[in-house]
Amino acid sequence: MLKKSINLWLLVCIVSIALYGCGSDEKTAVDGSSGTGHLQGQITLPLEGAKLYIYKPGMDLYGPAFAVSPATGIDGRFDLELPDGAYVAVVRKRVSGVENGPVLAGDNRSEFLQVAVHDGVVELDISAPVKIGDQRQFTGDAEVTKTGLAGHVFDSDGQPVEGARVHVYDHVQMSERPKFVSEKTGPDGRFKVYLPAGGTYYLAARDKFGGPPKLGDLYGRYDKGTIEPSAVVVEEGQILKAVDIAVTKVW
Amino acid sequence: MLRVVLLGIILLSLMACTPDPVLDLVQLEAQARGGDQAAISQFVDLLGSEATDVADRSYTVLIELGEQAAPALIAKVDAADRQQREYVIAALGTLKVVDAIPAISTVLTDTTLKRRYVAAWALGEIGAVEALPALIRALSDDNSEVRRYATRALIKFHKSSVLPLVDYLAQASGEGAAGAVRALGDIADPRALEVLLIHARGAQRAEAFLALGKLRDSRAESALIAGLTDADERVRMNAAMALGPLGGTLAEKPLRKSLEDDVHVVREWSARSLEMITGQPVLYRNSHDEFVRPYTVYH
């Protein structure tokens with residue numbers, strides 16, 4: 001395979017300088033012109049510690065990526081080798097330092113960019129401004145409905161697990177981004193997820209966000225050992241209780 | 001003589017006051033990588049460390065050492081400390097150490113021990129048929145995690161676990177039977193059809209219907225159609241769920257009747273399976289009395 005690379009020059013918006021008028025209320029121009037203009041622009045600097053996430057067309061752009069670059073250095077550059085093809089690229093840098101999970105207010109993220117790699121080096125300049133606002137869909141942010149799930153997350157000793165989240169999927173493969181995510185469990189391991197409607201759902205609990213579980217993570221699906229997870233059927237208007245999920249270390 | 005005794009006491013006191021030497025993990029790792037069995041054993045002991053990062057690092061070192069770590073690991077399979085035992089068994093599973101099967105099987109069957117799930121997991125990773133008896137016994141374990149991991153391990157054995165599971169299922173009941181049914185469903189071997197059809201008439205029929213759907217054998221179609229009118233709504237749902245992948249046209253009419261089932265999810269799964277069988281959009285009545293198409297749970 002030919003070696004190709006995407007060299008990325010990451011630029012971050014720091015300050016928008018806007019020079020406005022002198023603030024004078026004086027109307028001096030006979031022809032309607034204020035006599036002043038605007039000089040606008042951005043001062044940028046390289047973004048350190050950001051990663052480029054590469055997706056193939058059709059992939060869930062918020063799910064696990066096809067490839068992830070190493071974190072950028074102080075010059076904001078890096079080099080990622082990819083097979084020939086069309087891709088969607090996005091830059092993300094999370095304040096928490098984690099590689100996966102939702103991009104929250106305060107994190108950096110770029111727009112999604114269409115990239116074609118074919119036999120050579122592709123140079124990209126990408127702006128990854130700081131995200132303002134927070135659109136994550138945690139249970140605490142979700143509307144309290146009469147439909148949902150509640151239970152406990154416990155460990156291999158049968159003890160409640162603190163700090164885990166329950167991820168709720170509506171597709172059996174559970175490979176895409178979870179549809180709903182609970183708040184972190186407290187010391188008692190309890191969780192509750194409100195759902196907009198009844199239906200068939202698939203669950204997993206874990207102590208880390210996003211991406212495939214890694215060695216040492218606490219992870220567990222709601223299943224009975226089968227390859228596919230067990231379907232959890234929630235009726236409209238019902239808070240299904242005692243949905244307990246065991247998490248164990250990933251080996 | 002007295003002076004000698006006093007000097008000895010003073011020296012002993014000084015030794016007792018000397019702080020424990022700081023463990024140099026880098027040096028220890030170098031020794032272990034050089035084949036020093038004492039250093040390897042020390043890493044095995046560190047798997048029980050309260051400092052999780054030390055235990056995790058030791059685990060990684062031992063995995064990287066590979067086969068040369070096996071003797072020291074096997075020696076600690078029955079460690080009293082549950083954390084150390086868990087790490088040791090996980091390492092032996094990851095390294096696929098066949099010689100560890102008897103010791104790990106003993107842990108799996110000792111119900112007084114904690115974290116036995118890892119023994120079932122490790123036997124599945126090792127994948128040698130000598131582990132099958134212990135894993136099949138574990139299907140009826142009192143601990144749900146042990147049952148769950150035993151089921152998954154048997155699925156990993158695939159074809160080589162089919163006949164032992166069929167033999168077991170012929171006389172099994174309760175949780176043990178349910179686990180065997182689930183495992184045989186995921187393995188999807190036609191040799192399991194007969195025994196699954198027997199359980200499709202018994203207490204484990206809800207599980208048996210799911211398993212029969214995975215076998216995709218048309219000989220199961222009439223049993224699944226009968227399940228659509230079962231008194232238990234979970235059984236009806238599973239029967240509807242299984243008929244879709246089976247794809248038989250005989251099921252079309254009964255599934256259309258199930259679109260009128262009292263239970264929402266039975267109607268929904270009937271519609272989903274009808275779409276799979278006919279290739280046509282099918283509407284069902286949701287809980288808001290709206291006629292809608294089921295969403296696709298499969299990508």
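Every chain is numbered from 1, with letters handed out A, B, ... down the list of sequences.
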Closest contact, heavy atoms only, [X] versus [Y]:
{"X": "B/Glu268", "Y": "A/Gly199", "value": "OE1-CA, 4.3 Å"}
{"X": "B/Arg148", "Y": "A/Arg221", "value": "NH1-O, 3.4 Å"}
{"X": "B/Ile155", "Y": "A/Thr226", "value": "CD1-CA, 3.9 Å"}
{"X": "B/Arg152", "Y": "A/Gly225", "value": "CD-O, 2.9 Å"}
{"X": "B/Trp269", "Y": "A/Thr200", "value": "NE1-OG1, 3.2 Å"}

Is chain A contacted by the side chain of [X], its backbone, both, or neither, given a heavy-atom distance below 4.5 Å?
{"X": "B/Arg234", "value": "side chain"}
{"X": "B/Glu125", "value": "neither"}
{"X": "B/Val263", "value": "neither"}
{"X": "B/Lys156", "value": "neither"}
{"X": "B/Arg82", "value": "side chain"}
{"X": "B/Thr60", "value": "side chain"}

State, yes or no, whether a side-chain contact exists between [X] and [Y] at a heavy-atom distance under 4.5 Å.
{"X": "A/Val233", "Y": "B/His264", "value": "no"}
{"X": "A/Thr248", "Y": "B/Trp121", "value": "no"}
{"X": "B/Arg182", "Y": "A/Asp223", "value": "no"}

Problem - Aromatic plane relationship, B/Tyr87 with A/Trp251 - under 30° parallel, 30 to 60° tilted, over 60° perpendicular - result: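 Because their plane-to-plane angle is over 60°, the rings of A/Trp251 and B/Tyr87 count as perpendicular.
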Can you tell me how far apart [atom1] ([X]) and [atom2] ([Y]) are? Round to the nearest 0.5 Å.
{"X": "A/Leu215", "Y": "B/Ile63", "atom1": "CG", "atom2": "CD1", "answer": "8.5 Å"}
{"X": "A/Ser230", "Y": "B/Glu207", "atom1": "OG", "atom2": "CD", "answer": "7.5 Å"}
{"X": "B/Leu210", "Y": "A/Glu228", "atom1": "CG", "atom2": "CD", "answer": "9.0 Å"}
{"X": "B/Glu175", "Y": "A/Lys224", "atom1": "CD", "atom2": "NZ", "answer": "7.0 Å"}
{"X": "A/Asp155", "Y": "B/Tyr117", "atom1": "CG", "atom2": "OH", "answer": "9.5 Å"}

Please check if atom [atom1] in [X] has more than 12 non-hydrogen atoms from other residues, nucleotides or ligands closer than 6.0 Å.
{"X": "A/Lys214", "atom1": "NZ", "answer": "no"}
{"X": "B/Glu64", "atom1": "CD", "answer": "yes"}
{"X": "A/Lys208", "atom1": "NZ", "answer": "yes"}
{"X": "B/Lys114", "atom1": "NZ", "answer": "no"}
{"X": "B/Glu290", "atom1": "CD", "answer": "yes"}

Practice task
Heavy atoms only, distances under 4.5 angstrom: which of B/Asp186, B/Val118, B/Thr151 has the most pairs with chain A? Name it, please.
Solution key: B/Asp186
Completion exercise
The interface call for A/Tyr169 against chain B, heavy-atom contacts under 4.5 Å, is neither
